[in-house]
Amino acid sequence: MEKLQKHSSVPNIFARFFKSFTPRTVNYQNGTLYSRSATSLKQHNLERVELRQVLNSLPERQQKRWMSFQQFIMHEQNYLDAMRKLQYEIYDELLQKESIIDWDLSYTIFGTHTRICMLHQFIQPLLAACVNEWPDRYLAGWMICALLEQPSLTQLYSVFIKNYRLIVALVTDQMNTNDIFSWFIQSKLRDFGGKLSFSDYFIMPVQRIPQVGLEVKELLKYTPETDPDWALMDRCVKRATLLGEQLNASSGKHEIVQTVLNAIENAAGDRSRTYLHGRYQCELLHSEQLTEVFRNHTGSRFVLLLSDRLVCAKLPEKKHKHGPIGVLKWVIPLQDIVIDGDELDATTMSSSMANDVSSNSFKLMSDFGTLSDIRDLVSTFQEPHVNLSVDACRAELDNIWHSVLQQNANQDDPCLLRVKSKHGKTHTLKMNNADTKIECNAIRLGQLALRPENSPAWWNSTVYAPYEPLFVKTFQAGHQDAMVTGGCSYVPNTNSRAYSNDLFRAWSKQQHVLWISSIDKKHNSTVSLYTHDRIKHVIAERASFTLPASKIVFIAYVPEGMVGNTPTDTVWIATRSRILIYSATFPMISDRLECFRIRDTPNRILYHAKRVFVSTDTNKLLIFSMTDNGVWDLKTPQLWQNGSVHAMAIGISNVYMAVNNNIHIFDSETGKFINQISSPPTSPEDRRCINFLQYSVHGLWVARERSGIVSLYHAEYYQHLLDIDTNKHINRFLSENAEDPLNKRTTVKSIIVIDNMLWIGTSAGIVLSLHLPNCANVPIMTDQISISYHGHIRNVSIIMPLPSLSVRKKNHESIDIEPAIVESLFQNTRKPSRDLCATSVGVDDESFTFIDSFDDFDEPDSIYSNLDELNVSKEYTAVEKKESDVEEKFKTEYKTENRTPWTPDSILIVTGGYDYIKRSNKTSQNTSLHESFRSLSVANIAESSSNLNTTPINKNGNIMLWEKQSQ
């Protein structure tokens with residue numbers, strides 16, 4: 001804290017967080033700073049908030065609590081007043097009068113400051129509501145939490161603090177050399193009262209977060225633990241402490257970067273052409289003390305991964321005042337790094353669509369099952385046989401096991417990491433722990449961020465590039481010009497007897513399986529199967545089959561229950577008139593397990609809690625259940641006739657079903673409908689049918705038919721919280737791009753929340769994303785939404801996450817909240833007239849019946865009897881299902897050692913639609929500017945919509961693959 005007050009931060013790349021700008025270059029001292037033409041902060045009608053004087057009649061502790069909150073309010077108001085003076089009195093006028101100072105320099109000075117001011121203005125009405133209700137209701141915890149939990153808070157303050165000293169130096173330089181600017185600033189300061197200098201105003205953001213930390217600790221000190229606000233204040237203290245640590249760490253990292261860059265320049269002269277980032281773009285991604293291994297000795301090293309280079313320094317024998325990193329040993333540009341080892345190969349892990357493990361791995365899995373049976377037979381021998389023993393079988397089984405599951409264990413020491421330049425020597429580094437090769441994934445993501453496709457990948461992003469979703473590649477599902485219509489992904493349920501082969505079961509646990517359907521111009525549907533190695537992040541195509549003259553409308557994975565006597569998890573496919581059921585181990589169990597006809601067109605399938613829900617477009621919902629022996633009863637499902645279900649979503653133990661413009665809630669524990677939520681008829685938007693539902697910790701996300709608006713509702717009280725108008729943001733994105741106009745309004749085609757990020761797919765093929773808070777009941781700033789430069793030509797129909805083996809689901813802490821508090825928290829964005837209302841409890845029993853048998857349940861038609869096309873990887877079909885009537889057993893002697901293989905801490909995201917386009921920047925022919933764009937792989941430099949150039953890149957790519965580091 002004291003360090004910040006002494007102005008210890010150092011310059012870094014300047015934030016460019018505004019919506020649109022035209023990139024330009026501004027030369028300052030020995031570096032080049034990149035800026036844009038900026039826009040002024042929107043005027044507001046907010047009033048200063050003041051808490052009335054403390055009541056003397058209160059107990060002493062309550063008086064101290066009152067005064068502590070009064071001090072917080074006063075400091076927040078003084079802080080916001082000072083920011084407004086700089087924004088509305090100085091910055092706005094500078095933008096109107098370029099004769100005073102160049103617009104680029106104005107933005108360099110005030111750009112990040114503007115976004116911080118926007119954030120605090122967003123919170124201001126919440127504080128006003130809190131003050132109005134004090135002391136009848138204590139809401140300080142909720143309101144302060146709303147500020148501290150904003151996703152962009154850390155990034156904005158981090159950038160500002162790191163750049164503070166350089167900006168102050170820039171202002172000082174301009175005041176010494178630009179008389180008009182100096183006169184203008186001095187006259188404004190006199191108008192403000194003349195008590196504070198420009199530096200006094202400008203340092204306030206540097207001091208604010210530490211100040212907030214002290215104030216919330218003081219508030220918590222005088223808040224009784226029995227008070228409802230105590231839990232929130234405790235969370236605020238922890239959050240403020242974490243923010244302070246993150247900001248100090250960020251500032252310290254940049255100091256290290258500057259020290260390293262100085263050492264590189266002194267040791268090797270000007271190497272700027274070798275590296276993709278300049279002094280003010282370079283970031284420290286990871287640092288660690290490791291051991292460098294040589295032929296006859298080892299040495300302690302300090303290894304630093306910068307955003308564009310890997311640096312290794314010899315640790316100093318003693319702590320030197322001017323040499324904290326020691327002696328520089330070697331530096332490798334990040335784009336030139338080649339890492340020795342299959343699991344560390346950047347191109348394999350991120351490019352996907354490559355053969356994982358070895359080409360004969362599946363044959364080895366089959367051999368493993370056969371040899372296991374042989375071993376069991378050998379164990380029954382009455383007499384020993386020299387050349388045929390249990391030990392010999394066990395040894396060979398062990399070899400096969402390790403050949404398949406430990407392909408990357410070919411190093412003498414699994415802790416070793418070998419890195420080299422493409423044309424240089426190999427450097428061997430010994431990691432502290434084989435299970436925590438953090439630097440490997442950071443190197444890989446850093447290389448991915450440096451690609452031109454990710455420079456930048458998102459418009460209006462506020463996240464540094466390696467930590468935003470990074471574009472990896474495209475590939476084609478189905479035939480050329482086919483459009484993706486649906487898909488599902490799953491980790492196989494290896495508890496069934498279909499996985500009785502121990503090796504196949506162990507391998508399957510490390511895989512995601514993807515089923516993706518597409519339809520071509522001849523109306524033939526193709527199902528493509530892929531596996532995703534959750535350890536290596538490799539996606540490999542395994543099989544495909546075609547259903548002629550048929551459209552697949554939905555695909556769903558069902559993890560349990562038998563179909564007939566087949567012991568396996570299954571995949572259910574809905575066409576216009578039938579349900580097709582396949583083994584989830586297809587094509588190893590290649591026969592279709594079942595096919596039955598439904599009178600109406602099924603449009604949705606959902607599995608939850610041992611039930612399969614199948615909705616049709618003619619007001620029917622079929623609920624299939626399992627019999628006592630675990631077999632799916634496909635002939636007598638429950639039938640509910642109360643409207644056509646257009647969307648379904650799982651929320652804890654409930655299933656939310658959208659019927660027209662209403663939502664019915666089904667309790668999976670009791671097997672009954674427990675509530676009906678209706679949309680108010682107050683607006684045309686609310687009278688539309690609900691087509692998409694998504695449940696997350698933040699609430700219930702809703703998108704309606706032929707609408708481009710995504711709405712968020714409170715999951716418990718069904719209050720409307722906010723609207724995201726995708727058309728508004730897309731129009732901003734494309735407003736000045738004459739080469740790619742939108743001829744009609746876009747509609748929402750898919751929504752999903754992945755790792756606290758909302759993804760939205762649209763009919764225009766454009767993908768949007770929005771970082772969300774880590775917890776519920778935190779208001780969301782929708783102007784932070786980002787749009788991908790990579791997109792489909794139309795209809796983003798699927799968005800699916802594929803987390804690695806190391807990514808775990810997070811448990812979100814829940815704190816009870818009252819409806820009135822929700823009203824206060826979301827007053828900036830919510831529309832009370834759009835609140836959903838509970839109209840009934842349960843449903844009419846007469847609408848809930850059982851079907852004795854399907855009248856149309858029959859043998860499949862001839863066109864479904866056999867697959868029209870079956871293309872299967874030869875290796876994939878080598879594993880045959882070996883059924884057994886006994887319960888499968890884990891054979892522990894073949895399990896790997898007590899070491900989990902290293903896995904990246906990231907998530908792959910798959911989006912599917914029709915074809916692929918890349919919207920790129922119209923970069924200047926000026927070489928220096930072009931080079932600067934390659935270096936601008938930090939995504940917080942949003943690109944101007946006027947600089948977009950729509951370019952079809954690959955018409956054989958209806959699938960886009962992204963990778964995002966897990967939060």
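One is the number of the first residue; the rest follow in order along the sequence.
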For Pro779 against Gln150, the heavy-atom pair lying closest together
O-NE2, 2.8 Å
Backbone N/O of Gln124 and side chain of Gln121: donor-acceptor pair under 3.5 Å
no
Under the ring-ring contact (aromatic ring centres under 6.0 Å, His included) rule, what pairs show up with a residue in residues 686-711, not counting sequence neighbours?
Tyr656-Tyr695
Contact between Leu94 and Ile109 at the side-chain level, heavy atoms closer than 4.5 Å - yes or no?
no
d(Ser707 OG, Asn727 CG) to nearest 0.5 Å is 8.0 Å
In Å, rounded to the nearest 0.5 Å, how long is the span from CD1 of Ile677 to OH of Tyr713?
11.5 Å
Rounded to the nearest 0.5 Å, how far does CE of Met483 lie from CG of Asn958?
10.0 Å
I'd like to check the salt bridge (charged side-chain N to carboxylate O under 4.0 Å, His left out) partners of Arg834; sequence neighbours left out, ordered by chain and number.
Asp686, Asp723
Between Ser518 and Gly478, which heavy-atom pair has the shortest distance, and what is it?
OG-CA, 3.4 Å
State the OG-CG distance between Ser455 and Leu470, to the nearest 0.5 angstrom.
9.5 Å
I'd like to know whether Val778 forms a side chain to side chain contact (heavy atoms under 4.5 Å, CB included) with Leu825, so could you lay out the CA-CA distance, the side-chain angles of the two residues, the decisive distance to 0.1 Å, and finally the verdict.
CA-CA 7 Å; Val778 175; Leu825 280 170; over 6 Å; no
Rounded to the nearest 0.5 Å, how far does CG of Asn756 lie from OG of Ser696?
8.0 Å
Shortest non-hydrogen contact from Ala129 to Gln827?
CB-NE2, 3.4 Å
Residues Ser152 and His771: side-chain donor-acceptor under 3.5 angstrom:
no
Residue pair Phe826 / Thr829, side-chain heavy-atom distance below 4.5 Å:
yes
Decide whether Asp835 and His714 meet the rule of one side-chain donor and one side-chain acceptor closer than 3.5 Å.
no
Distance-minimising heavy-atom pair for Pro801 and Ser489:
O-OG, 3.9 Å
Is Arg794 close enough and on-axis enough to Tyr914, meaning under 6.0 Å and within 45°, for cation-pi?
yes
Side chain to side chain, Asp783 and Met118, heavy atoms closer than 4.5 Å:
yes
Test applied, ring-ring contact (aromatic ring centres under 6.0 Å, His included); reference residue, Trp458; option that passes from Trp759, Phe733, Tyr467
Trp759
Is there a donor-acceptor pair closer than 3.5 Å between any side-chain N or O of Ser763 and the backbone N or O of Thr746?
no
Under a plain distance cut-off of 3.5 Å, with no hydrogens placed, do Asn603 and Ser615 share a side-chain donor-acceptor pair?
yes
Could you go step by step and tell me if Met800 and Ile516 meet the side chain to side chain contact (heavy atoms under 4.5 Å, CB included) rule?
CA-CA 10 Å; Met800 295 189 298; Ile516 297 177; 4.3 Å; yes
Give a yes or no on whether the ring-centroid distance for Phe471 and Trp962 is below 6.0 angstrom.
yes
Side-chain heavy atoms of Leu734 within contact of Ile766, under 4.5 Å:
yes
So, taking the atom named SG in Cys689 and the one named CG in Asn660, what distance separates them when rounded to the nearest 0.5 Å?
4.5 Å
Evaluation steps, side-chain hydrogen bond (donor to acceptor under 3.5 Å, both in side chains), between Ser517 and Thr485
CA-CA 6 Å; Ser517 65; Thr485 57; 2.8 Å; yes
Val767 side chain reached by Met960 side chain, heavy atoms, under 4.5 Å
yes
Between Gly761 and Ile799, the two heavy atoms sitting closest are N-CD1, 3.7 Å
Quiz question: by atom type and distance under 3.5 Å, do the side chains of Ser769 and Ser786 form a donor-acceptor pair?
no
Taking the side chain as everything from C-beta on, heavy atoms only, tell me whether Thr114 gets closer than 4.5 Å to Gln87.
yes
So do Ile724 and Leu758 actually touch side chain to side chain, heavy atoms under 4.5 Å?
yes
Taking Val472's backbone N and O only, do any of them form a donor-acceptor pair with Glu963's side chain (distance below 3.5 Å, no angle check)?
no
Do the side chain of Ser797 and the main chain of Val484 share a donor and acceptor less than 3.5 angstrom apart?
yes
Heavy-atom nearest pair, Ile555 first then Cys488, reads CG2-SG, 3.5 Å
